[in-house]
Amino acid sequence: MIQVSRTAIELFGLSVHWYGVLIVTGIALGAALAAAREGRMGLPKDTALDLALACVPAAIVGARLYFVAFSWDQYAAGPWWRIFAVWEGGMAIYGGVIAGVLAGWLYARAKKLSFWRLTDLAAPCIPLGQAVGRWGNFVNQEAHGALVHNPALQFFPASVQIGGEWYYATFFYESMWCFLIVGALLLAERRRWFRREGDEFWAYVLLYALERGVVEGLRTDSLMLGGLRVSQGLSLLAALAVTAALARRGRGGRHWIAPVCALAALLGALMECEWAVLAASAAALAAAAAAYAKTEIYNRGDE
């Protein structure tokens, strides 16, 4: 297995780490994708740049604070500056998304723009940044799964070799899924499948939440709250909320299949039954797609 040094380059006696390089690359690609689409979405020129300048710093702070809050035992003994040592790793995606969305809401109010249209602008850009940034976990040899004992699975990308042992390559699973989310959202956007402002963002939330709900259960370094994996629980709660909102929008009992499946996935996570989480999440995704296809006619603000 190829081993990559954590240091990308030495510059004036300072080490520039691949973890930071990959995160910055993901942010830059996401901003470029937003800039390429802002005009088509009816937004003023440079909205993507201004939004990135508002949201990215907030997202970085939020991602770090979320990680530190749920792993405080690693930092309580000090030194205090390690709280800010992002070059050592330790950025939680959900903290970044929550803080970034809050910053985007404040930006929308300040500029008198549609908040939901801004979320749609950002929807495929967020998973693009996530897909690239996950490779920082590969360099840092973190965010992996349990030991792989089956020799037939001891190859990359099914697993990753660290210290002579093979572990499930959960960082890779998430990276590839995020690339698929980007492609799916852009395809749906191009074909005008989204029916109202904000739907593209909620599609991202659902697609990522269901994936993270499954993959997080395979990891060995999850942030924990009691006996529950924090990100897994939050993911499945988010999936439940989105599917419940979709059910309220539709008509007929079948629209409630998706939230029931999402609830089953959450219960599976609480019981630490990964196969139940996988099966219920797949069913929730399929039911949500079928329900959305039957919701009301287009109600986009630009039509």
Side-chain angles (χ1 to χ4, degrees), residues 1-8 17-27 29-30 59-60 62-75 82 85-98 126-148 153-182 207-225 228-236 238 269 272 274 277-278 281:
M1 181 67 189
I2 298 174
Q3 298 294 322
V4 180
S5 170
R6 294 190 179 193
T7 301
H17 294 261
W18 277 115
Y19 185 86
V21 170
L22 287 164
I23 288 176
V24 170
T25 300
I27 292 171
L29 290 174
I60 292 173
R64 183 61 176 176
L65 289 178
Y66 185 103
F67 180 85
V68 171
F70 286 105
S71 53
W72 180 244
D73 56 324
Q74 300 180 29
Y75 300 93
R82 288 194 61 240
V86 294
W87 56 88
E88 295 180 353
M91 303 279 281
I93 287 171
Y94 274 125
V97 172
I98 293 169
I126 300 171
L128 178 58
Q130 291 173 293
V132 175
R134 273 297 175 200
W135 286 88
N137 299 135
F138 166 70
V139 176
N140 282 1
Q141 299 187 339
E142 61 190 6
H144 56 74
L147 278 167
V148 177
L153 296 177
Q154 292 178 348
F155 66 92
F156 188 79
S159 55
V160 60
Q161 193 176 44
I162 299 174
E165 300 284 358
W166 288 92
Y167 300 85
Y168 287 106
T170 50
F171 81 91
F172 179 82
Y173 309 157
E174 181 157 325
S175 177
M176 292 302 102
W177 182 257
C178 284
F179 277 126
L180 289 174
I181 291 175
V182 175
L207 288 169
Y208 180 70
L210 291 174
E211 174 274 326
R212 186 66 181 271
V214 174
V215 172
E216 188 69 23
L218 301 174
R219 287 176 56 171
T220 58
D221 61 345
S222 298
L223 301 176
M224 304 296 293
L225 183 62
L228 179 67
R229 300 170 189 268
V230 175
S231 293
Q232 186 179 42
L234 182 59
S235 294
L236 296 174
E272 299 184 357
E274 191 63 20
V277 176
L278 175 60
S281 296

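A distance of 4.5 Å separates CD in Glu274 from CG in Leu218, rounded to the nearest 0.5 Å. Between the CE atom of Met176 and the CZ atom of Phe171 there is a distance of 8.5 Å, given to the nearest 0.5 Å. With rounding to the nearest 0.5 angstrom, the CG atom of Leu223 is 11.5 Å from the CG atom of Leu228. The structure places OG of Ser235 at 2.5 Å from OH of Tyr94, a figure rounded to the nearest 0.5 Å. In this structure, CD1 in Ile93 is found 5.0 Å from CD in Glu174, a value given to the nearest 0.5 Å. Note that the CD1 atom of Ile23 and the CZ atom of Arg134 stand 10.0 Å from one another [nearest 0.5 Å].
Counting only distance, with no hydrogens or angles, the side chain of Ser159 and the backbone of Leu153 share a donor-acceptor pair below 3.5 Å. Counting only distance, with no hydrogens or angles, the side chain of Asp221 and the backbone of Ala143 share a donor-acceptor pair below 3.5 Å. Put simply, the side chain of Trp177 never gets that close to the backbone of Arg212: no donor and acceptor are under 3.5 Å apart.
Surrounding CD of Gln74 are more than 12 heavy atoms belonging to other residues, nucleotides or ligands, all under 6.0 Å away.
A side chain to side chain contact (heavy atoms under 4.5 Å, CB included) with Met91 is found for one member of Tyr19, Tyr66, Phe67 and no other, namely Tyr19. With His144 as the fixed residue, the side chain to side chain contact (heavy atoms under 4.5 Å, CB included) test singles out one of Trp166, Tyr167, Phe172: Tyr167.
In this structure, a donor-acceptor pair under 3.5 Å is absent between the side chains of Tyr168 and Thr220.
One finds no salt bridge joining Glu216 and Arg229 here, because no Lys/Arg side-chain nitrogen approaches an Asp/Glu carboxylate oxygen to under 4.0 Å.
Tyr173 is linked by a ring pair (Phe, Tyr, Trp, His ring centres under 6.0 Å) to nothing, counting only residues two or more places apart in sequence or in another chain.
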